[in-house]
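Heavy-atom basis, side chains included; hydrogens, waters and symmetry copies ignored. So that the names make sense, note that chain A is the first sequence line, chain B the second, and so on, each numbered from 1.
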Number of protein chains: 2
Amino acid sequence: MSQSDRTPRVRLVDVARAAGVSKTTVSDALNGAGRLPAATREHVQKVARSLGYRPNAAARLLRAGHTRLLGVAAREYVETPWVYADLAYFSQIVTATTQAALAHGYGVVLLPTYGPDDCWLDIPLDGVFVIDPVEGDPMVRDFLAAGVPVVSDRRALAEVAGEARAAGGWVDFDYDAAVRQVLDHLEEAGAERIAVVAGATTACYHQQSVRAYHDWCAERGHDPRIVCLPAPGVEQTLQAVTELLAAPVPPDALFTLVELSTPLLLDTIRRLGRSVPGDLLLVCATEDPAAPYTDPPISTLGFLPGETAQAAVDLLVDRLEGRDGDPGRLFSAGFQVRASSAPKSSLKRPGH
Amino acid sequence: MSQSDRTPRVRLVDVARAAGVSKTTVSDALNGAGRLPAATREHVQKVARSLGYRPNAAARLLRAGHTRLLGVAAREYVETPWVYADLAYFSQIVTATTQAALAHGYGVVLLPTYGPDDCWLDIPLDGVFVIDPVEGDPMVRDFLAAGVPVVSDRRALAEVAGEARAAGGWVDFDYDAAVRQVLDHLEEAGAERIAVVAGATTACYHQQSVRAYHDWCAERGHDPRIVCLPAPGVEQTLQAVTELLAAPVPPDALFTLVELSTPLLLDTIRRLGRSVPGDLLLVCATEDPAAPYTDPPISTLGFLPGETAQAAVDLLVDRLEGRDGDPGRLFSAGFQVRASSAPKSSLKRPGH
DNA sequence: TTGAAAGCGTTACCAT
DNA sequence: ATGGTAACGCTTTCAA
């Protein structure tokens with residue numbers, strides 16, 4: 001059905017007939033292959049053009065055995081009809097994946113995160129990049145079982161028994177180290193009561209960072225001050241911040257692990273009567289490009305979407321093209337310290 | 001090559017042989033078709049599972065004659081290796097397109113905006129949504145020539161001689177009306193010198209809105225106050241604003257047509273010593289979810305990425321599945337008036 | 001130099 | 001109830 005019943009597409013044989021040659025000749029003439037006399041080649045090309053011939057992509061795929069198509073899936077909100085591009089982090093991942101893939105001559109397919117079981121297997125993909133897989137991710141399992149190389153984090157791949165090495169590669173993020181780095185920094189800067197706003201999803205990013213915070217607190221005998229949001233949203237996020245700051249003994253530092261507009265967060269904190277960094281040290285895990293331009297500039301923890309995507313695609317393409325590169329790469333976050341988390345001591349002692 | 005040389009994929013015939021039945025039986029058993037005894041079906045399914053059989057997507061595509069894949073391309077920065085997902089508008093379009101496509105059982109492919117000529121034709125697509133085409137867009141032309149239905153704006157489709165109706169549909173935006181609506185609103189609110197920050201790209205969004213502003217000014221004998229940015233970027237945008245506000249006779253209203261963080265813009269204006277809306281009325285064409293939460297809330301012109309994408313996909317799917325729906329849909333922007341562009345008069349006269 | 005024919009892996013038709 | 005066979009549109013090997 002579809003367009004074919006309206007305009008019966010011009011096929012290779014049609015061109016061949018019209019040009020008075022065989023299919024082989026047409027194929028060779030159009031693909032630059034073979035050793036044809038220039039005259040024949042040009043003639044065929046002219047006929048093909050005049051007929052509006054376009055090769056059928058699906059047939060080529062079948063013949064070629066590969067599709068030059070890479071899938072990318074962000075699993076953060078697997079259970080909901082949410083789509084990743086709403087978050088700056090995923091947008092940037094998708095952007096970077098697309099660019100990297102293109103550079104290798106591959107296209108990118110956005111994979112559905114929900115829907116009928118293994119519906120994703122109907123898409124002809126050479127490889128897949130699964131970002132932030134959930135525990136025992138069925139998507140990872142399915143693709144691996146189907147023999148489609150997957151790049152994801154180490155743990156997700158390991159769950160599928162040793163096939164990881166052969167079937168793809170991993171791009172892992174040391175969320176634990178990243179979170180601890182920030183918490184340590186805040187503590188050194190004089191913070192004693194660090195509050196956190198995080199997400200409550202099943203994605204390993206949230207799971208692991210929340211756990212890291214709890215562990216860090218436990219090690220010091222601190223009570224965790226954390227709000228976990230089930231979904232992103234300006235209002236809910238600001239509400240969470242308001243709640244945390246309203247505690248009887250208010251926090252003296254805030255670390256956000258959810259997407260939000262950093263200048264807006266700053267405004268909100270001010271409207272609540274706190275100054276940054278005077279009353280409240282602030283660090284945001286975000287890719288918001290506005291962060292360096294606020295007053296004061298905001299310290300950020302960035303998860304390097306660009307680098308991550310680049311590495312994932314490189315890994316995937318290496319496997320696909322038979323090169324045996326690294327088994328994987330471990331990333332740690334990019335922590336940019338700015339004025340919003342300047343040590344309290346530096347305020348008390350003028351000079352440096 | 002690729003994975004096939006490592007793990008020679010299990011094919012339908014392999015399952016058939018292993019199960020001691022024919023290809024047909026396997027196909028029927030797995031696809032629920034045919035009238036097989038439950039015993040046979042279960043047996044085949046078990047064998048298939050144990051062998052890890054997965055149907056070859058490319059072969060199915062060829063057989064089916066359609067791919068259930070929709071392409072989406074944002075043409076704003078065609079000439080550069082830019083990718084659209086960096087801008088909230090495109091992110092939201094892509095998100096919404098993906099959701100709408102999924103709802104119809106279609107997947108989405110992100111199309112390269114540059115690269116070797118007609119490289120996009122190698123991707124097996126049932127239809128394409130081209131956002132903000134450039135003049136005489138080659139991508140639109142190629143797909144139409146290849147018989148792939150395209151949804152884009154009316155003008156782009158019309159350039160390819162009448163095929164529009166048969167080959168796709170249009171989703172047009174009345175940028176002119178939208179821009180005028182904002183300018184009129186600002187004028188009514190008391191603005192006499194309206195400055196504009198826009199983009200300098202070839203996308204019809206920028207082209208048309210800039211032209212609308214110039215026309216509007218010409219009709220009133222005003223001198224245009226406009227800065228056109230060749231590329232997005234926090235720094236350049238704020239720089240442009242600073243420049244405009246530094247004019248000897250400064251503007252009393254600002255209308256931005258480029259992506260940016262609205263709270264940050266507000267801060268910047270304040271740091272330049274102007275108050276909003278007291279000294280400067282402000283309207284931003286943006287999808288920034290922070291806009292309603294700033295102080296004062298910012299008036300926005302939204303280009304309805306969600307609705308647009310939804311309509312485009314519906315149109316495309318209607319064509320693909322042989323339904324003759326609307327030829328197209330004309331959208332006008334969603335103008336949300338908030339405090340940042342409140343009439344100056346209302347400040348002077350207390351009460352309402 | 002050119003063409004015929006054999007696949008690629010699936011599904012659908014028709015015969016058994 | 002099941003199996004053989006053709007067809008989807010292309011590329012490629014091999015023979016002429």
d([atom1], [X]; [atom2], [N]) in whole Å:
{"X": "A/Asp122", "N": "C/dG9", "atom1": "CG", "atom2": "C1'", "answer": "14 Å"}
{"X": "B/Arg17", "N": "D/dG4", "atom1": "CZ", "atom2": "C1'", "answer": "15 Å"}
{"X": "B/Leu12", "N": "D/dA7", "atom1": "CG", "atom2": "P", "answer": "19 Å"}
{"X": "A/Leu62", "N": "D/dC8", "atom1": "CG", "atom2": "C1'", "answer": "9 Å"}
{"X": "A/Asp28", "N": "C/dT2", "atom1": "CG", "atom2": "C1'", "answer": "9 Å"}
{"X": "B/Arg60", "N": "C/dT10", "atom1": "CZ", "atom2": "C1'", "answer": "8 Å"}
{"X": "B/Asn31", "N": "C/dG9", "atom1": "CG", "atom2": "P", "answer": "17 Å"}
{"X": "B/Leu121", "N": "D/dC10", "atom1": "CG", "atom2": "P", "answer": "13 Å"}

Please identify which of these residues, B/Thr95, B/Val94, B/Ile93, meets the side chain to side chain contact (heavy atoms under 4.5 Å, CB included) condition with B/Thr97.
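When side chain to side chain contact (heavy atoms under 4.5 Å, CB included) is applied between B/Thr97 and each of B/Thr95, B/Val94, B/Ile93, only B/Ile93 qualifies.
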Between B/Leu61 and A/Pro124, is there a side-chain heavy-atom distance shorter than 4.5 Å?
yes
Classify A/Arg63 by what it touches in the nucleic acid, base, sugar-phosphate, or nothing, heavy-atom distance under 4.0 Å.
base
Could you walk me through whether A/Val134 and A/Cys204 pass side chain to side chain contact (heavy atoms under 4.5 Å, CB included), step by step?
CA-CA 6 Å; A/Val134 298; A/Cys204 60; over 6 Å; no
Does [X] place a side-chain N or O at less than 4.0 Å from the phosphate oxygens OP1/OP2 of [N]?
{"X": "B/Ser27", "N": "C/dT11", "value": "yes"}
{"X": "A/Tyr53", "N": "D/dC10", "value": "yes"}
{"X": "A/Asn56", "N": "D/dC8", "value": "no"}

Report the residue (A/Thr40 or A/Lys23) whose heavy-atom-nearest nucleotide on DNA chain C is the more 5′ of the two.
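Here A/Thr40 is the residue nearer the 5' end.
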For the CD atom of B/Glu307 and the CZ atom of B/Arg329, what is their distance to the nearest 0.5 Å?
8.5 Å
Which listed nucleotide (D/dC10, C/dG3, D/dT11) is nearest to the side chain of A/Arg11?
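Nearest listed nucleotide: D/dC10.
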Measure distances between side-chain N and O atoms of A/Thr24 and base N and O atoms of C/dA4, and say whether any donor-acceptor pair falls under 3.5 Å.
yes
Can a salt bridge be assigned to the pair B/Asp122 and A/Arg60 using a cut-off of 4.0 Å between side-chain N and carboxylate O?
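Judged by the 4.0 Å cut-off on N to carboxylate O distance, B/Asp122 and A/Arg60 do form a salt bridge.
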